[in-house]
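Single-structure report; data block below.
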Amino acid sequence: MPKAPRGTFDILPQEHIYWKYVEGKATSLCQLYGYQPLSTPIFEDAQLFIKTVAGGTDIVDKEMYVFADKSGQELALRAEGTAPVCRAYIEHGLFNLPQPVKLYYIGPAFRYERPQAGRYRQHHQFGFEALGEADPALDAEVIEMARRFFDSLGLSRLSIHLNSIGCKLCRPGYLEVLRQHYSGYIDHLCPDCKARLVRNPLRLLDCKKTSCQEIAKTAPKITDYLCPECQLHFQSVQKYLGAMNIPFHLNPRLVRGLDYYTRTVFEVEPREKGGQSTLGGGGRYDDLIESLGGKPTPAVGFAAGLERIILNLKKQKTDIPALPEPDAFIAYMGEEAKIEALKIASELRKAGIAVIMATGDKSLRGQLRQANSLGIAYALILGKQELSKRSIMLRDMSSREQKIIPLAEIAKILKP
RNA sequence: GUGAGCGUAGCCCAGUGGUUAAGGCGCCAGGUUGUGGCCCUGGAGAUCGUGGGUUCAAAUCCCACCGUUCACCCCA
């Protein structure tokens, strides 16, 4: 029997209340901040992700769903949300709109890896991006918006970690200083960190091994090596966050995995963190659009994984609004009543009343059991007696009261 | 890709070598030939993850594979 592929899952009806809840909060948030929806294809030219997310990492070899279609074109399942947004921005000339252009997306993304807590091969991301504006106030607004998102979901006890990782002018100098620092400890580094030293030195800073963390603690801080422009930008972000009363923790060891980030980076974490705990993160990526062939365009954004959010909602036992129940259930006895019931159900639905029609010629008892387990407020019962009077029995399932209603009036009573 | 734990009905799970694999939830039906929730009775539902091996005998022991969980790598 075929099963859902590894790292994928079905979202069953009782789970969908969480998804609807989070998606609803996300879209109303974006509406509040003037972000408009953008949907991009679920697969893209593989180069889009190879150019933007893959530098210096083994994402392409190991983690990306890359395949050739029947024409031989190299495609990749959407690996993340930001690069496609930038591609669309360039492709549709959105730089001709008043800047910044503010866009958001909710949709699946794919990574080929072994599943673990809150990480799946097909997962879902919500993200928003503001393109075409370098003002640090926008960084602050994006962070404030991220915070409001989690607040609106009822996720509390979160903290925001903030850092700046400089720009292409000042970061290389810092990386050199960092390498020098670590080369003094090379014999004490774990094998992974030895590889990082060559391939992705920023990642040295968040190795989980305690021995490596000791070395990271004494490492030079990137914020001491920022160029004057980056320094000013970073200070302004903090000033604006302060003005909006957004608490944050400066974390000089916060780096993000992808190359394309510049200046501001931030992550949102539960206070009590565990292995895969980060709920969302983002930052500025001032060089990304240019690297895709667009004009130099500064941009800043945020993304969060819906699975992790839902995991936390469940952990916190947050109250989630239930999906609406149908308004009424129609039970019938006998073929003649069944035919009439079908007609009534159709009419009621035309009037906007959600109706479940009994099926299968069950006993009345069985039909009412079904209505009960569906949690429906009203049962309509149609038998010979009601038919002969052109009427129907209306039963209030919670009070057990029932009365005979003329057929012509039933819609009005159910939906006055 | 690496390491560890776990796979028994739709779900939770008992069962560590010996008859027809036990129970709870849920499902279906009856108890009430026209009335649900509680209760009672009955029923359906399990290739014991898959394949191989050990043994007179395997859900139980061994091996491999698959899946899953957690962690690592990586992190979008």
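So that the names make sense, note that chain A is the first sequence line, chain B the second, and so on, each numbered from 1. All figures in this text were calculated on a predicted structure; none of them were measured in a lab. Just so it is clear, the values below take in all heavy atoms, side chains as well, and ignore hydrogens, waters and symmetry mates.
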Practice item. Between B/C13 and B/U19, how far apart are the P atoms? Round to whole Å, please. Key: 25 Å

Point to revise | N/O donor-acceptor pair, side chain A/R400 with base B/G37, under 3.5 angstrom | key: yes

Exercise for review: Take atom C1' in B/U16 and the same atom in B/A59, then report the distance between them in whole Å.
Suggested key: 10 Å

Review point. Is there a side-chain polar atom (N or O) of A/R6 under 4.0 Å from OP1 or OP2 of B/U68?
Key: yes

Check your understanding: A/R365 side chain N/O closer than 4.0 Å to the phosphate oxygens (OP1, OP2) of B/G36?
Key -> yes

Practice item. Report the base-pairing partner of B/A14 (Watson-Crick or G-U wobble, both distances below 3.5 angstrom), or none. Key: none

Revision key, fill the gap. Mate of B/U20 across any strand shown (Watson-Crick or G-U wobble, both atom pairs under 3.5 Å) is none

Point to revise | A/E113 side-chain proximity, nearest of B/A29, B/C73, B/G36 | key: B/C73

Exercise for review: For A/G383 and for A/P115, find the nucleotide of RNA chain B with the closest heavy atom, then tell me which residue's nucleotide is more 5'.
Suggested key: A/G383

Revision key, fill the gap. Of B/G36, B/A29, B/G34, the nucleotide closest to the side chain of A/K384 is B/G34

**Study point:** Under 3.5 Å donor-acceptor, A/Y332 side chain and A/D361 backbone
**Key:** yes

Check your understanding: Using a cut-off of less than 4.0 Å, is there contact between a side-chain N or O of A/K3 and OP1 or OP2 of B/G49?
Key -> no

Check your understanding: Paired with B/U54 by Watson-Crick or G-U wobble geometry, both distances under 3.5 Å: which nucleotide is it?
Key -> none

Check your understanding: NA contact type, A/G301, heavy-atom cut-off 4.0 Å: base, sugar-phosphate, or nothing?
Key -> nothing

Review point. When the P atoms of B/C11 and B/U68 are considered, how many whole Å apart are they?
Key: 14 Å

Exercise for review: For A/E63 and B/C73, give me the distance from atom CD to atom P, rounded to whole Å.
Suggested key: 12 Å

Point to revise | d(CG, A/D361; C1', B/G34) in whole Å | key: 15 Å

Exercise for review: May I ask you to verify if any side-chain N or O of A/S363 is less than 4.0 angstrom from the OP1 or OP2 atom of B/U35?
Suggested key: no

Point to revise | Nearest-angstrom distance from the residue atom CG of A/N200 to C1' of B/C73 | key: 13 Å

Exercise for review: Identify whether NZ of Lys or CZ of Arg in A/R121 sits under 6.0 Å from the centre of the six-membered ring of A/F110 and within 45° of that ring's axis.
Suggested key: no

Exercise for review: Can you tell me the pairing partner of B/C6 across any strand shown, Watson-Crick or G-U wobble, with both distances under 3.5 angstrom?
Suggested key: B/G67

Revision key, fill the gap. Answer for the Watson-Crick or wobble partner of B/U33, both distances under 3.5 Å, is none

Review point. Is a side-chain donor-acceptor pair under 3.5 Å present for A/Y33 with A/R148?
Key: yes

Check your understanding: OP1 or OP2 of B/A76 sitting under 4.0 Å from any side-chain N/O of A/Q125?
Key -> no

Check your understanding: Taking for each residue the nucleotide of RNA chain B bearing the nearest heavy atom, is the 5' side occupied by A/Y261 or by A/S399?
Key -> A/S399

Revision key, fill the gap. Side-chain contact check for A/Q116: nearest option of B/A71, B/U69, B/G36 is B/A71

Review point. What nucleotide among B/C74, B/G36, B/G34 has an atom nearest to a side-chain atom of A/L364?
Key: B/G34

Study note, to complete from the structure: Between NZ of A/K209 and P of B/G3 the distance, given in whole Å, is 14 Å

Practice item. Using only side-chain N and O atoms of A/R369, determine if any of them is under 4.0 Å from OP1 or OP2 of B/C27. Key: no

Review point. Does any donor atom in the side chain of A/R78 or A/T40 lie under 3.5 Å from an acceptor atom in the other side chain?
Key: yes

**Study point:** Atom C1', compared across B/G36 and B/A29: separation rounded to whole Å
**Key:** 15 Å

Point to revise | Donor-acceptor pair present, A/R256 side chain and B/C75 base, under 3.5 Å | key: no

**Study point:** Polar contact flag, side-chain donor to acceptor under 3.5 angstrom, A/Y285-A/E129
**Key:** yes

Review point. With rounding to whole Å, what would you report as the distance between B/A76 and B/A4 at their P atoms?
Key: 28 Å

Review point. With no angle test and no hydrogens, is the base of B/G34 tied to the side chain of A/E386 by a donor-acceptor pair under 3.5 Å?
Key: yes

Exercise for review: Please state the C1' separation for the pair B/G67 and B/U8 - nearest whole angstrom.
Suggested key: 15 Å

Revision key, fill the gap. Of B/G36, B/A76, B/C74, the nucleotide closest to the side chain of A/R196 is B/C74

Revision key, fill the gap. Atom CG of A/L394 and atom P of B/U35 are separated, to the nearest Å, by 18 Å

Exercise for review: Using a 4.5 Å cut-off on heavy atoms from C-beta on, say whether the side chain of A/E409 contacts that of A/K412.
Suggested key: yes

Review point. Taking the same atom, P, in B/A58 and in B/U50, what whole-Å distance lies between them?
Key: 15 Å

Check your understanding: For A/R114 and B/U69, is the shortest distance between a side-chain N/O and OP1 or OP2 below 4.0 Å?
Key -> no

Point to revise | C1' gap between B/G17 and B/U60, integer Å | key: 6 Å

Revision key, fill the gap. pair_partner(B/C73), Watson-Crick or wobble, both distances < 3.5 Å, evaluates to none

Review point. CG of A/L288 versus P of B/A76: gap in Å, rounded?
Key: 13 Å

Review point. Any luck finding a side-chain donor-acceptor pair between A/E307 and A/H124 under 3.5 Å?
Key: yes

**Study point:** A/Q367 CD - B/U32 P separation (whole Å)
**Key:** 19 Å

**Study point:** Test: A/K25 cationic atom under 6.0 Å from A/F149 six-membered ring centre, within 45° of axis
**Key:** no

Check your understanding: So among A/F302, A/F128, A/Y104, which one has a ring pair (Phe, Tyr, Trp, His ring centres under 6.0 Å) with A/Y35?
Key -> A/F128

Exercise for review: Give the rounded distance in Å between these two atoms: CZ of A/R121 and P of B/C75.
Suggested key: 17 Å

Study note, to complete from the structure: Scanning all shown strands, the Watson-Crick or wobble mate of B/G42 with both distances under 3.5 Å is B/C28

